[in-house]
Each structure stands twice: as C-alpha cells, then as structure tokens.
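A short worksheet on the structure shown next.
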Amino acid sequence: YYHAFNIAPEDLKVAVEGMKVIGIMGFNVTIPHKTAIIPYLDEVDKLATAIGAVNTVVRKEDKWVGHNTDGPGFIIGLKNAWKQNLHNEKVLMIGAGGAAKAIFYSLAAEGVKEIDICNRTVTKAQKLIDHCPFDCQGNAFTLEEDVVTSFAVRYRPLHCSGVSRW
C-alpha cells in the first residue's frame, strides 16, 4: 500500500516520529524535505550523506535509515543500456543542476575514472567535481562551440537520438 502525505515543514519531525510509532516500514521523501529530514533519522548511508539529501527512508529494526536512490537508479539504467562494469570509464555529463550531484557522486562511487561536466556556468560544475568525496577526476566546461566540437573526438555517444517534439 502506498499513500502520499502532504507534510508541512514545521510538522516534519512529528510526522517522522508518528510513522515509526504506527509501524510504517518505509517511505519516500520529496521537496521540500529531502535535506530537512536528515536530523530526524537514526542513520544516513554514505552516499546520501555525501549528496546531502535523502529520498527514501526504510526501517531497519527500530531505526530509520535514509538513502538517496537518484544516482543508483541512474547507474542501474546505464548498466542495463551500456555495460555492467563502469570502472575506469570516462563520462561526460551535460548539466550540473538538479539530480547531477547524485548522479556524479554515484558514478564516482562506482569507480568511473573521469567525469567531465559541461554546464552553462563552469563554477557550478567545478564545485561538483571539487566536493566529491569519492576518488574521481574531472574537468568543467561551458557550452562553447569549440569545446562541444572537441567532445565528438573525446567521447563516444551512447544511445543518442533526435530531439522529440511535444
């Protein structure tokens, strides 16, 4: 059974405590609570701690354990579409917003050798690279035409298709 609850930010602590009391085994978390929930959990896994956000909480014995499944979900899809072993691969990410941090950190945790980020603002992309707690090299680029042209030489496109129209 799955049910969505609309929890006001000021009620988050009591909601988390209440779900434990009534025996709920786990729940998902979305904006605006992904970061705010962390202090109310008993444990947070290494990846979610690094990302600084939790989107899945599971009961382990009588403790709430927080996880972030955004990056691992991407990794599963990538492995199914491409190859199982990502160790020592080179990856180019386009964009440094939203889920990029979870994906970048998850790729690094998988042993990807180098992850470059192409983004409108180099500083945002470089911040992701610099603050990654996992062993990984990377470079930040803008979307300038001369840089994008060199990508065709440096990276192999994977499952690219034309742009769709709505």
Side-chain angles (χ1 to χ4, degrees), residues 9 12 16 26-58 60 63-164 166:
L12 183 60
V16 171
F27 55 93
N28 296 106
V29 181
T30 190
I31 294 171
H33 303 307
K34 286 184 169 190
T35 301
I37 197 166
I38 292 173
Y40 308 126
L41 303 176
D42 301 302
E43 296 175 24
V44 178
D45 75 18
K46 183 178 178 180
L47 183 61
T49 298
I51 294 166
V54 166
N55 67 359
T56 303
V57 178
V58 296
K60 184 178 178 184
K63 294 183 177 183
W64 284 134
V65 181
H67 304 275
N68 188 303
T69 62
D70 291 333
F74 176 83
I75 298 292
I76 289 168
L78 185 61
K79 285 180 174 183
N80 287 338
W82 187 30
K83 63 190 295 187
Q84 289 296 308
N85 185 359
L86 301 176
H87 190 73
N88 288 326
E89 290 295 334
K90 284 184 169 183
V91 172
L92 170 66
M93 287 179 47
I94 302 197
K101 186 176 186 181
I103 292 170
F104 187 95
Y105 285 13
S106 296
L107 286 167
E110 279 288 318
V112 171
K113 177 181 177 182
E114 183 177 337
I115 307 168
D116 292 341
I117 304 174
C118 183
N119 194 54
R120 288 177 303 194
T121 55
V122 172
T123 53
K124 189 171 184 181
Q126 191 63 52
K127 184 177 175 182
L128 267 181
I129 295 165
D130 292 344
H131 292 111
C132 183
F134 304 102
D135 186 30
C136 184
Q137 301 297 313
N139 299 291
F141 303 99
T142 63
L143 295 170
E144 296 173 3
E145 187 174 328
D146 59 329
V147 173
V148 173
T149 302
S150 72
F151 289 161
V153 174
R154 192 171 168 166
Y155 304 96
R156 177 172 36 124
L158 171 66
H159 295 287
C160 295
S161 60
V163 176
S164 301
W166 294 92

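Atoms considered below: every heavy atom in the structure, side chains included; atoms not considered: hydrogens, waters and symmetry mates. In this chain, numbering begins with 1 at the start of the sequence shown.
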>> Could you measure the distance from the CE atom of M93 to the CG atom of N119? Nearest 0.5 Å is fine.
In response: 9.0 Å

> Run the side chain to side chain contact (heavy atoms under 4.5 Å, CB included) check on I51 and D70 step by step: do they pass?
Replying inline: CA-CA 10 Å; I51 294 166; D70 291 333; over 6 Å; no

> For L128 and A100, which heavy atoms make the closest approach, and how far apart are they?
Replying inline: CD1-CB, 4.0 Å

> Any side-chain heavy atom of L107 sitting closer than 4.5 Å to one from C136?
Replying inline: no

> Do other residues, nucleotides or ligands put more than 12 heavy atoms under 6.0 Å from K34 NZ?
Replying inline: yes

> Of the non-hydrogen atoms in A50 and F134, which two are nearest, and what is the gap between them?
Replying inline: CB-CE1, 4.1 Å

>> Please report the interatomic distance OG1(T142) to CD1(I117), rounded to the nearest 0.5 Å.
In response: 13.0 Å

>> I need the minimum non-hydrogen distance between D42 and W64, along with the two atoms involved.
In response: OD2-N, 2.7 Å

>> Given 3.5 Å as the limit, does a donor-acceptor pair link the side chain of D45 with the main chain of H67, or not?
In response: no

>> Quick check on D135: does its CG atom have over 12 non-hydrogen neighbours (other residues, nucleotides or ligands) under 6.0 Å away?
In response: no

> Do you know the tightest heavy-atom contact between H87 and N85?
Replying inline: N-OD1, 2.9 Å

> Taking atom CD of Q126 and atom OG1 of T121, what is their separation to the nearest 0.5 Å?
Replying inline: 11.0 Å

> Which atom pair, heavy atoms only, marks the closest approach of K60 to V65?
Replying inline: CB-CG2, 3.8 Å

>> Minimum heavy-atom separation for V54 and G66, please, with both atom names.
In response: CG1-CA, 3.8 Å

> Could you state the interatomic distance from OG1 (T30) to CD1 (I37), rounded to the nearest 0.5 Å?
Replying inline: 11.0 Å

>> Could you measure the distance from the NZ atom of K101 to the NE2 atom of H131? Nearest 0.5 Å is fine.
In response: 8.5 Å

>> For the NZ atom on K63, are there more than 12 heavy atoms of other groups (residues, nucleotides or ligands in this structure) within a distance under 6.0 Å?
In response: no

> Taking side chain as C-beta onward, heavy atoms only, is Y105 less than 4.5 Å from K46?
Replying inline: no

> Atom CG in L78, atom CD in Q84: separation rounded to 0.5 Å?
Replying inline: 9.5 Å

> Within a strict 4.5 Å, meaning less than it, do heavy atoms of the I129 and F104 side chains meet?
Replying inline: yes

>> With a 6.0 Å cut-off (strictly less than), is the heavy-atom count around CD of E43, excluding the residue itself, greater than 12?
In response: yes

>> Keeping T69 on the side-chain end and N55 on the backbone end, is there a donor-acceptor pair under 3.5 Å?
In response: no

